[in-house]
Amino acid sequence: MSDTYTINSGHPFPLGAQITENGVNFAVASEEASAIFLCLFDDKGNELERLPFIAKRRGIWHMEVFGLTEGQHYGFRAQGPFDPSSQRLFNENKLLIDPYAKALTSKLEWHEDQAAITEDGGQHLVDSAYCVPKSIVRRVSASSIRPKRVHVPHVQRTLYELHVKGFSQHLPIDDALKGTYLGVISKPGIKHLKSLGITTIQLMPCFSFATEQHLQRLKLNNYWGYNPISFFVPEPSYAQKDAISEFQTMIDGLREAGFEVILDVVYNHTAESEMNHSSVCFRGLDNAHYYRHKEGQYLNYTGCGNCLDTYNPSSIRLICDSMRYWVTVMGVDGFRFDLGVDLGRTNHDFSPKAPLLQAILQDPVLSEACLVMEPWDIGPNGYQLGQFPRGFLECNDQYRDTVRRFWRGDEGFTSQLATRLMGSRDIFHKGKKSALHSVNYITYHDGYTLHDLVSYHRRHNMANMENNRDGHGDNLSQNFGVEGETDNAEILQRRLNQQLCFIATLLLSQGTPHILGGDELSHTQQGNNNAYCQDNDITWLKWEESESRTKLQEAIASLMAIRKAYPILAEIYLEDDSLYQYQPSDHIEWLNEHNQPMSNDDWAQKERDYLSAILTPADLSTHLWLVFYREDHPLSVPLPKATTQLDVLYKTPGIELDKKQIHCHYRGVMIAKL
């Protein structure tokens, strides 16, 4: 006990540090610790007091300390068995971050003295307090004058993936705002986002994260942020002064501009990495319960050194509490889950009825959020596209690969293109899920940008210092005769046209489209398809005016307006789909290059380069004619029968028309109203 502080047993909930009338209540979960200590620090990092928790209830240690105030720096230490063979790594020499802390004194940087275990398997006895950020007692609440949430109709949702620093680092704004939360909502930033017609900003990770050990040794930084150490603390490097208030201000600014905002979250692993690396939070508190393991070894289903045991009640509670905090207090409207299969694992295998998934879907707050899953990890049965319960949208890599193959000219993919255009109903089955569950994309942060997809045949990742071994080896890309940058006008025109074809295909497909931020600027990463450690001009968006930027931005804006005006482009109600049995039925007709209905022979033709469809809504108010042609040889196609007037809504440059025909001079896409 302490002669300095008055203590009582306090309360086990809520977890973390909560300011009370008399001081601060602390609560932390640890099933197997024999003792937990609260360590109090001054602003210089000196440990002032070490107070043992005096109460434990159902695995939660708790107590109230009188006289403490907001701003107090603290951490935990845990006593218990040290037996690496059974995943028990308790070590009182290691200072631990509160998993529920709302703020930290600094960004976590890896140090060898953070390890709980030595190379020979013994207990690491060096005190780590000097190299571990301290948790800070903070009272965080939502503003009472916060703008109202933006409710986006599902059929109109379009995701735009944005990295806070990369988006704003080169914007024409004050230097103090560059690379920050506030830079995102600067006048140039908001003006650009609004010009595209998108509805939803998908922020890349904003949880406080750390740079991996091997990158730190190479003097590289983790740029993407998929390596969190806290599920509550916003990344401090994106803030000028206070990350909490500035993140909230960013969300408010995006709301005022009319955007829905979802946050890319990493709940599948932590920055503690492998068992002999850092012990700075979860590992020191209850390693055997927080992380998946078998026969004394970590199960690394994430490829990041560990994976959180999302079947454990403490982890489920932690994740749901974190999600509610980011929705109700920080203001986001939803989440995109990195390596989401890990969230759906029970003991080790995947189940759509996994406790965490069910907990999210039954929660009155979380179930109303926009929820997007990355439906894979690298563990057993790790590919689960289409298998998540309703309520979760899913990133559709089959869409990406089919569209890339079709436009590259691969044989035998025209019929598959039709399936992808219609919402991948071979995966998101009729009668069970809407096509809107399919998040369609051509490019994502982990891979080529759209510019590089049409400029590089091979990855160029030497800057990552892994001898070009990292990143995808097969990118389904096409360089049009020259690897990388060129000043050949013909090649540049063909590359731009290919990008326009990709964008048009994406925004004319059934489902929920996803656009990679920067693709509208023709942003290049110099052929790097795994730029996770490139915190520099390789990844930071550039804002110079160019012909390609103008045409790409105009294409997105035009197609977004068309998509909004004609909801049938995103979700069609077909007669054979029992999901829409109470809706009037729309109609689709597939046509060949003679404008005759597609025959079985047409569908089976591997060399087919032309595909078109007429979409007709149930009220017969209009007929929309979609045309996709991927060859560079001219093709003329008669207008559909009984067509007296053709109103072209959008077309790529290679398509022209007269009163009787459309002329495809080279590959292109068109949508017209009949």
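This chain uses plain numbering: 1 for the first residue, then up along the sequence.
Atom CG in N479 sits 8.0 Å away from atom CD1 in I491 (nearest 0.5 Å). Going from atom CH2 of W603 over to atom CH2 of W590 covers 5.0 Å, rounded to the nearest 0.5 Å. How far CG of D576 is from OG of S585: 8.5 Å, rounded to the nearest 0.5 Å. If you take CZ on R494 and CG on D632, they are separated by 5.0 Å, rounding to the nearest 0.5 Å. R420 CZ to D426 CG: the interatomic distance, rounded to the nearest 0.5 Å, is 4.5 Å. Interatomic distance, NZ of K353 versus CG of L361, reported as 13.0 Å (0.5 Å rounding).
Heavy atoms of other residues, nucleotides or ligands lying less than 6.0 angstrom from CD of E575 number 12 at most. Other residues, nucleotides and ligands contribute more than 12 heavy atoms inside 6.0 Å of the NZ atom of K542. The number of heavy atoms from other shown groups lying within 6.0 Å of CD (E490) does not exceed 12. Remark: E547 CD is loosely packed, at most 12 non-hydrogen atoms of other residues, nucleotides or ligands lying under 6.0 Å away. Crowding of D619 atom CG: a count of heavy atoms from other residues, nucleotides or ligands under 6.0 Å exceeding 12.
In terms of modelled atom types and a separation under 3.5 Å, the side chain of H663 and the main chain of D658 share no donor-acceptor contact. In this structure a side-chain-to-backbone donor-acceptor pair under 3.5 Å is present from R667 to W407. Judged by distance alone, the side chain of R345 and the main-chain N or O of S351 form no donor-acceptor pair under 3.5 Å. Under a 3.5 Å cut-off, the side chain of D333 and the backbone N or O of V261 do form a donor-acceptor pair. The backbone N or O of W543 sits less than 3.5 Å from a side-chain atom of R549, completing a donor-acceptor pair. Formation of a donor-acceptor pair under 3.5 Å by the N592 side chain with backbone atoms of Q596 is found in this model. Checking side-chain atoms of Q526 against main-chain N and O of N461 turns up no donor-acceptor pair under 3.5 Å. Side-chain atoms of R400 never come within 3.5 Å of backbone atoms of I442 as a donor-acceptor pair (strictly under, hydrogens ignored). Without hydrogens or angle criteria, R630 side chain to G668 main chain gives no donor-acceptor distance under 3.5 Å. Side-chain N or O atoms of T443 include none that pairs as donor or acceptor with a backbone N or O of Y448 at under 3.5 Å.
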(request) Start with the C-alpha gap between Y399 and S424, add the side-chain angles, then the distance that decides, and say whether side chain to side chain donor-acceptor pair (under 3.5 Å) holds. (result) CA-CA 7 Å; Y399 178 93; S424 297; over 6 Å; no
(request) Please report the C-alpha distance between Y666 and H633 in whole Å, then the side-chain angles of each, then the deciding distance to 0.1 Å, and finally whether the ring pair (Phe, Tyr, Trp, His ring centres under 6.0 Å) criterion is met. (result) CA-CA 6 Å; Y666 47 87; H633 302 299; over 10 Å; no
(request) Test M670 against V648 for side-chain contact (heavy atoms from CB on, under 4.5 Å), laying out the working first. (result) CA-CA 7 Å; M670 183 189 76; V648 175; 4.2 Å; yes
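The two residues D397 and L385 have their closest heavy-atom pair at OD1-CD2, 3.7 Å. Taking both residues in full, the closest heavy atoms of G517 and E520 are given as C-OE1, 4.0 Å, listed atom of the first, atom of the second, then distance. When all heavy atoms of G386 and F428 are compared, the pair lying nearest together is CA-CE2, 4.0 Å. A pairwise comparison of heavy atoms in S548 and S522 identifies OG-CB, 3.8 Å as the closest pair. Of all heavy-atom pairs spanning A504 and Y650, the tightest one is CB-CE2, 4.0 Å. Between L508 and R563, the shortest heavy-atom distance links the atoms N-NH1, 4.2 Å.
Contact of the I515 side chain with the L159 side chain is not registered, since no non-hydrogen atoms from C-beta on lie closer than 4.5 Å. Residues N497 and C501 form a side-chain contact, since some pair of their non-hydrogen atoms from C-beta on lies under 4.5 Å apart. The shortest distance between side-chain heavy atoms of L611 and M598 falls below 4.5 Å. Using a 4.5 Å heavy-atom threshold, the side chains of Y301 and P380 count as touching. Side chains of F392 and I360 form a contact here, defined as non-hydrogen atoms less than 4.5 Å apart. Residues N528 and R459 form no side-chain contact, since every pair of their non-hydrogen atoms from C-beta on lies 4.5 Å or further apart. Looking at heavy atoms from C-beta onward, L263 lies in side-chain contact with W326 at the 4.5 angstrom threshold. Looking at heavy atoms from C-beta onward, T199 lies out of side-chain contact with F259 at the 4.5 angstrom threshold.
Under the side-chain contact (heavy atoms from CB on, under 4.5 Å) test applied with W625, the options D647, I671, I662 reduce to a single match, I662. With R608 as the partner, the side chain to side chain donor-acceptor pair (under 3.5 Å) test is satisfied by one option alone out of E593, E411, E631: E593. Paired with N268 under the rule side chain to side chain donor-acceptor pair (under 3.5 Å), one option of D338, T302, T310 passes, and it is D338.
For H665, the side chain to side chain donor-acceptor pair (under 3.5 Å) partners are E656, not counting sequence neighbours. Residues meeting the side chain to side chain donor-acceptor pair (under 3.5 Å) test with S477, sequence neighbours left out: none. Not a single side chain to side chain donor-acceptor pair (under 3.5 Å) links Q384 to another residue, sequence neighbours left out.
S455 and D452 form no side-chain donor-acceptor contact under 3.5 Å, judged by distance and modelled atom types alone. Between the side chains of H523 and T449, no donor-acceptor pair is found at a separation under 3.5 Å. When only modelled atom types and interatomic distance are considered, Y160 and H514 share no side-chain donor-acceptor pair under 3.5 Å. With no hydrogens or angles considered, a side-chain donor-acceptor pair links E483 and H460 at under 3.5 Å. The closest side-chain donor-acceptor pair between N475 and N529 falls under 3.5 angstrom. For the residue pair D470 and N530, a side-chain donor N or O sits within less than 3.5 Å of a side-chain acceptor on the partner. In this structure, a donor-acceptor pair under 3.5 Å is absent between the side chains of Q510 and E571. A donor atom on one side chain and an acceptor atom on the other are found under 3.5 Å apart for D264 and Y226. No hydrogens or angles considered: a donor-acceptor pair under 3.5 Å links the side chains of N440 and S438.
A tilted orientation is assigned to the rings of Y629 and Y610, their planes being inclined by 30° to 60°. Between H192 and F167, the ring-plane angle classifies as tilted under the 30° and 60° cut-offs. Between W224 and H445, the angle of the ring planes goes over 60°, which puts this pair in the perpendicular group of the 30/60° scheme.
With respect to K430 and D577, no salt bridge is recorded, no charged nitrogen being found less than 4.0 Å from a carboxylate O. With salt bridges taken as basic N to acidic carboxylate O contacts below 4.0 Å, one links E394 and K433.
A distance below 6.0 Å separates the ring centres of F207 and Y267. Outside the 6.0 Å centre-distance limit, the rings of Y441 and F502 are not counted as a close aromatic pair.
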